*Asks:* 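Questions regarding the structure given below will be posed in turn.
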Amino acid sequence: MSRYLEMVDHPSHVKKLTPEQLTELAADIRQELIEGLAKSGGHLGPNLGVVELSIALHRVFETPRDKFVWDVSHQVYVHKILTGRRDRFRTIRTTDGLNGFALRTESDHDCYGAGHAGTALSAALGMCAARDQKKTDENVVCIFGDAALTNGISFEALNNIKCTTKRFIGILNDNEWSIAKNVGAVAEYLGKLTASPRYNRLAREFTNWLKRLPRGEQVAMLGAKTEEALKGIVGSVALEPAHNQLDADGRGGHGSALLFEEFGLRYLGPIDGHNLPLLVSTLEFAKTCHGPVVIHVLTQKGKGYEAALKHPEKFHGLGAYDAATGQTPPPKAGAAPMWQEVFGRTMVKLCQKDKSVVGITAAMPSGTSLKLLEQAVPGQYYDVGIAEEHAVIFAAGMATMGFHPVVAIYSTFLQRAYDCIHHDVCLQDLPVIFCMDRAGLSANDGPTHHGLFDIAYLRCLPQIIGMAPADEDELQDMMFTATLQQHPVAIRYPRGNAEGVPIKDQPDVVGIGQAKVDSQFESRPGATKVALFGLGPMRTLAREAARRLRAEGYDVAVVNPRFFKPLDTGIHRFFGEAADLVATLEDHVAMGGYGSAVLECLSEAGIRTPVFRLAWPDQFIEHASSVDYLRQKHGLTVDRLVAEVTARLPATRATSVTGGAQG
């Protein structure tokens, strides 16, 4: 660790360094990011891009009194280093370590938690309104990315800023990327802003301000790109498009600051987001503005690390890597394919055979593996940006025209489009297919990214069919089956490697609402009968628990439910009546999940067999280094299941067991 990084363990320390020392501090922090994340991984690229911006923010403002609200907040690593968490930085995203996002319970300097995009502008505006009500004078600074402007919530907030407060500082961190390359008209608009001549109402005032500051005139001269200096301050950022690619904006100019100024926000920039003196001067000026202001900052995702610059999508967020080369470990020989890879390959197969099938992603082509479809069948692929609500309604529109749209969105992100699933898809009974990756845990990311609620929020909706494949071959079968339906379908599957089951060349049709008996009772005389229902990949745990219980003398049946809606009532009630104890296993919260559906099914039939539900508790599950650690901690294990069964019932029945409490 360098001497300057060692000197900074609180924001006040940043204010004591000279401009030259701050530049060295920035280099030190970049090195710490590159080396510190190599072992466990993290959001390296985004944080390399905001090093100077984070330093400048803490140079000018004073947290926790002043408030920084970060959109998504995956780019807060530098902020954490500068706010007393430097000595714990290398624990980030690991068990008992720092969270990978802003977290209110972790530090007073994290005033607002996040993990999903598009929330910062609204939250920051709420803080401004509260400050104004309290008649205090702290600054509220909202740092949002260009990707956030593909999200509708951001525009709802922009529409309200001018009429809500006179003091609001927004920083548009423009790196042209969210996770994948940004798409759509907003991305094109921001491209025009970064390269076109324009005139800002504040140009003269801002220039005079800079000249009054130490070295201000030199900063302005170095930053100038056009004769309207303040509108073209950009330095040498390698992301700007060529002038000859620009189209007129229809209002007498080329890509002016019209978007923000029509919302009543004063627009400054674009400025070079890696020019520390310029950033500091601009932020000082913004503090004095009487009215809401947006500063357009151009940054380079992955700056200072060649591997991240060459592969910005990969280095947005990744696991362990070699700090010297940027190389990630190769897949283990013989390892099963990742669930999302099976999904992506199956989409290519389906789309090549059926032109009515299309894939839709909300800025996650790599994470969902729809990138495979983009490469193989680009005409049947859509990336709508970070706009989950739009993605669902867009799919609904296509479905009315005879298509079978497949919306590939992580379980946690699909929550953002819940009303659209209800109002636009299920209510109209449209054949939209939701493929929910990361259904289960995303261990390193934590509660903002765990997918533990989708069964509960979907199974209450009429018309929808809900499936959970136990292995990769069954995933292919379910995807094919979904394309044959004329109803909404949801398929959930976890993150990580699949089960290693061979995938058939041609998928089979799965009967809707039909469970599959994995192993029957063996009719052992006098043995206690236990029925294990393992939903999705939890079938593997059910099989292992069955093996151990049989070794202790129990008679055990294992069922693969395959569907969480509609349930196979015949299978569930048959085994419910035949068994002395039913146990359900699911990678989901217990409340409202698959086990709850089984309880309802048996109760409605008057079956009083005790039911034990192995599921996640009614709390937000923390982050950790691995899924296995969290399962051990919270009891989603074979050991726990076997212990629960043996504690409730002996292996041999002395008398007939006729009922009991459901739990």
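Computed from heavy atoms alone, side chains included, the values below leave out hydrogens, waters and symmetry copies. Everything numeric in this text was worked out from a predicted model, so none of it was measured.
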*Asks:* Side chain to side chain contact (heavy atoms under 4.5 Å, CB included), that's the test. Do Phe315 and Leu48 meet it? Break it down for me.
*Replies:* CA-CA 10 Å; Phe315 280 87; Leu48 288 172; over 6 Å; no
*Asks:* Determine whether more than 12 heavy atoms belonging to other residues, nucleotides or ligands lie under 6.0 Å from atom CG of Asp419.
*Replies:*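 Yes, because the 6.0 Å sphere around CG of Asp419 holds more than 12 heavy atoms from other groups.
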*Asks:* Does Lys166, at its NZ atom, have more than 12 non-hydrogen atoms belonging to other residues, nucleotides or ligands within less than 6.0 Å?
*Replies:*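 Counting neighbours around NZ of Lys166, 12 or fewer heavy atoms of other residues, nucleotides or ligands fall under 6.0 Å, so no.
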*Asks:* For the atom pair CZ (Arg266) and CD1 (Ile295), what is the distance rounded to the nearest 0.5 Å?
*Replies:*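 Going from the CZ atom of Arg266 to the CD1 atom of Ile295 covers 12.5 Å.
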*Asks:* To the nearest 0.5 Å, what is the distance between NE2 (His588) and OG (Ser596)?
*Replies:* 9.0 Å
*Asks:* Working to the nearest 0.5 Å, report the span between CD of Glu284 and CZ of Phe61.
*Replies:*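 Rounded to the nearest 0.5 Å, the CD-CZ separation comes out at 7.5 Å.
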*Asks:* How would you list, by chain and number, every residue that makes a salt bridge (charged side-chain N to carboxylate O under 4.0 Å, His left out) with Arg59, sequence neighbours excluded?
*Replies:* none
*Asks:* Salt bridge check: are Arg495 and Asp437 linked by an N-O gap of less than 4.0 Å?
*Replies:* no
*Asks:* Tell me, yes or no, whether the heavy-atom count around Arg65 atom CZ, taken from other residues, nucleotides or ligands under 6.0 Å, exceeds 12.
*Replies:* yes
*Asks:* So does Gln619 have more than 12 non-hydrogen atoms from other groups sitting under 6.0 Å from CD?
*Replies:*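 Yes, enclosed.
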*Asks:* Go through the side-chain N and O atoms of His116 and Thr412 and say whether any donor and acceptor fall under 3.5 Å apart.
*Replies:*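 Yes, because at least one side-chain N or O of His116 sits under 3.5 Å from a partner of the opposite role on Thr412.
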*Asks:* Is there a donor-acceptor pair under 3.5 Å between the side chain of Gln133 and the backbone N or O of Ala129?
*Replies:* no
*Asks:* Does the salt bridge (Lys or Arg N to Asp or Glu O under 4.0 Å) test come out yes or no for Lys303 and Glu52, once each step is laid out?
*Replies:* CA-CA 11 Å; Lys303 183 174 176 63; Glu52 288 84 4; over 6 Å; no
*Asks:* Just how far is it from atom CG of Asp66 to atom NE2 of His58, taken to the nearest 0.5 Å?
*Replies:* 10.5 Å
*Asks:* Hey, does the side chain of Thr288 reach the backbone of Phe285 with a donor-acceptor pair shorter than 3.5 angstrom?
*Replies:*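 Yes, because the side chain of Thr288 sits within donor-acceptor range (under 3.5 Å) of the backbone of Phe285.
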*Asks:* May I ask you to check if Lys67 and Tyr112 form a cation-pi contact, with NZ or CZ under 6.0 angstrom from the six-membered ring centre and within 45° of the axis?
*Replies:* no
*Asks:* What's the separation between atom CG in Leu57 and atom CH2 in Trp70, rounded to the nearest 0.5 Å?
*Replies:*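 Output value for this atom pair is 5.5 Å.
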*Asks:* If you round to the nearest 0.5 Å, how far is CE of Met467 from CD1 of Ile433?
*Replies:* 8.5 Å
*Asks:* Could you check whether any side-chain N or O of Thr150 sits under 3.5 Å from a backbone N or O of Ile386, counting only pairs where one atom can act as donor and the other as acceptor?
*Replies:* yes
*Asks:* For this output row, return yes or no: ring centroids of Phe101 and His449 closer than 6.0 angstrom.
*Replies:* yes
*Asks:* Given Val407 and Glu388, is the side chain to side chain contact (heavy atoms under 4.5 Å, CB included) satisfied, shown in steps?
*Replies:* CA-CA 9 Å; Val407 182; Glu388 291 86 358; over 6 Å; no
*Asks:* Taking atom types as modelled, find out whether Thr165 and Arg131 have a side-chain donor-acceptor pair closer than 3.5 angstrom.
*Replies:* yes
*Asks:* Let me see the working for Glu62 and Asn139 under side chain to side chain contact (heavy atoms under 4.5 Å, CB included), right down to the final yes or no.
*Replies:* CA-CA 9 Å; Glu62 185 180 333; Asn139 295 286; over 6 Å; no
*Asks:* Between the side chains of His487 and Gln463, is a donor N or O closer than 3.5 angstrom to an acceptor N or O?
*Replies:*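 No, because no side-chain N or O of His487 sits under 3.5 Å from a partner of the opposite role on Gln463.
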*Asks:* Checking Phe434 against Asp454 for the side chain to side chain contact (heavy atoms under 4.5 Å, CB included) test, could you report, in this order, the C-alpha distance in whole Å, the side-chain angles of both residues, the deciding distance, and whether it holds?
*Replies:* CA-CA 11 Å; Phe434 300 102; Asp454 52 86; over 6 Å; no
